[in-house]
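Here's the structure, in structure tokens; my notes come after.
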There are 2 protein chains.
Amino acid sequence: MSALTIGEVAQRTGAATSALRYWEDLGLITAVRTTGNQRRYERATIRRVSFIRAAQRVGLSLDEIGAALATLPEQRTPTARDWARLSRAWRARLDEQIRRIEKLRDDLDGCIGCGCLSLTTCALNNTADWQADLGPGPHKLDV
Amino acid sequence: MSALTIGEVAQRTGAATSALRYWEDLGLITAVRTTGNQRRYERATIRRVSFIRAAQRVGLSLDEIGAALATLPEQRTPTARDWARLSRAWRARLDEQIRRIEKLRDDLDGCIGCGCLSLTTCALNNTADWQADLGPGPHKLDV
DNA sequence: ACTCGACTTGAACTTCACCTGAGGTCCGGC
DNA sequence: GCCGGACCTCAGGTGAAGTTCAAGTCGAGT
């Protein structure tokens, strides 16, 4: 009753089973195996998976999420206090994100709105070096 | 004096030349060719490129940006008023984005903070159907 | 004992937004 | 006339975050 199958975890969290296996490969979650090699998850995994999904929606990469999860205690099931600590660290990130979008919005009102987008003094234009040297691959648009 | 090379556009906008060629492939920008087959851009292209880059920072995909640009008049150089119209539509998007992050932040304070993440009544958990059927490939985290 | 859905693995494929490199051409200046 | 830097095309690579498929195995219920 306490050991959940991958299908159950998927259903309760909304994550695809393929995603759960992928996250296990990355070390974000763990599972024990039955004699027949099937995964069985602890109940606490549901909370962990929910955290991962919520974090993704905030724009964090799995790498960053993994780093955050690594700060949880390994030997015992994380308590509400443990999660609260992560949540506090996170709040700052969300606030920062909001701040950046607000700035962009305000720049826009006074800048694109007036059609000045091509002037060298334009606040939007003067971010020319933005994302200048990130190498190949898609770049995280972490707004 | 009025026809810009790709290098000039790159320098003035901060976009890489490879990106400019790519955007041309996608139909986001256009160029005329010299007898020697080199691209020459109108001055107005700089504004267009600036718009693309600013839009990316807001989290829009090139697809969406293309759709927005398609509403600009083709026969004449877009006026400040044309750009202002795009900007207005955009502002709503930014406001919505801010609203969503704020909601997540507030849910977090009362939800992960209290450790309730596993309850079925949890606001974060009840988004289980989020991103449920988007097919393969990475999914845009448009926060 | 049998069935059938849920599970297993690994490899290959997908999307997005480009970047890199090879091999060649153009063109402004001396 | 020649040099070098800027340009051209096209093929293939890159990274994240998975999905899809094939071929097989498990395990709960009848």
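Note on naming: letters A, B, ... go to the chains in the order of the sequence lines (proteins, then strands), and numbering restarts at 1 for each one.
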Check: [X] side chain, [Y] main-chain N or O, donor-acceptor pair, under 3.5 Å:
X       : Y       : answer
B:Arg39 : B:Val32 : no
A:Glu64 : A:Ser61 : yes
A:Arg48 : A:Thr30 : no

Is the shortest side-chain N/O distance from [X] to OP1 or OP2 of [N] below 4.0 Å?
X       : N      : value
B:Thr34 : C:dC27 : yes
A:Trp23 : D:dG18 : yes
B:Thr5  : D:dC7  : yes
A:Gln56 : D:dA16 : no

- [ ] Decide, yes or no, whether a salt bridge links B:Arg76 with B:Asp82 under the criterion of side-chain N to carboxylate O below 4.0 Å.
- [x] yes
Task: 5' priority, DNA chain D, between A:Leu20 and B:Arg21 [closest heavy atom] - done: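 Looking at the nearest nucleotide for each, B:Arg21 comes out on the 5' side.
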Base, sugar-phosphate, or nothing for [X], non-hydrogen atoms under 4.0 angstrom?
X       : result
B:Arg33 : sugar-phosphate
A:Arg39 : sugar-phosphate
A:Leu26 : nothing

Give the nucleotide from the list [options] with an atom nearest to the side chain of [X].
X       : options                : result
A:Ala19 : D:dG18, C:dC27, D:dA17 : D:dG18
A:Asn37 : C:dC19, C:dT8, D:dC8   : C:dT8
A:Leu62 : C:dT8, C:dC18, D:dA17  : D:dA17
A:Ile6  : C:dT8, D:dC7, C:dA17   : C:dT8

TODO: Find which nucleotide of DNA chain C each of B:Thr35 and B:Asp63 is nearest to by heavy atoms, and output the residue with the more 5' nucleotide.
DONE: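 Here B:Asp63 is the residue nearer the 5' end.
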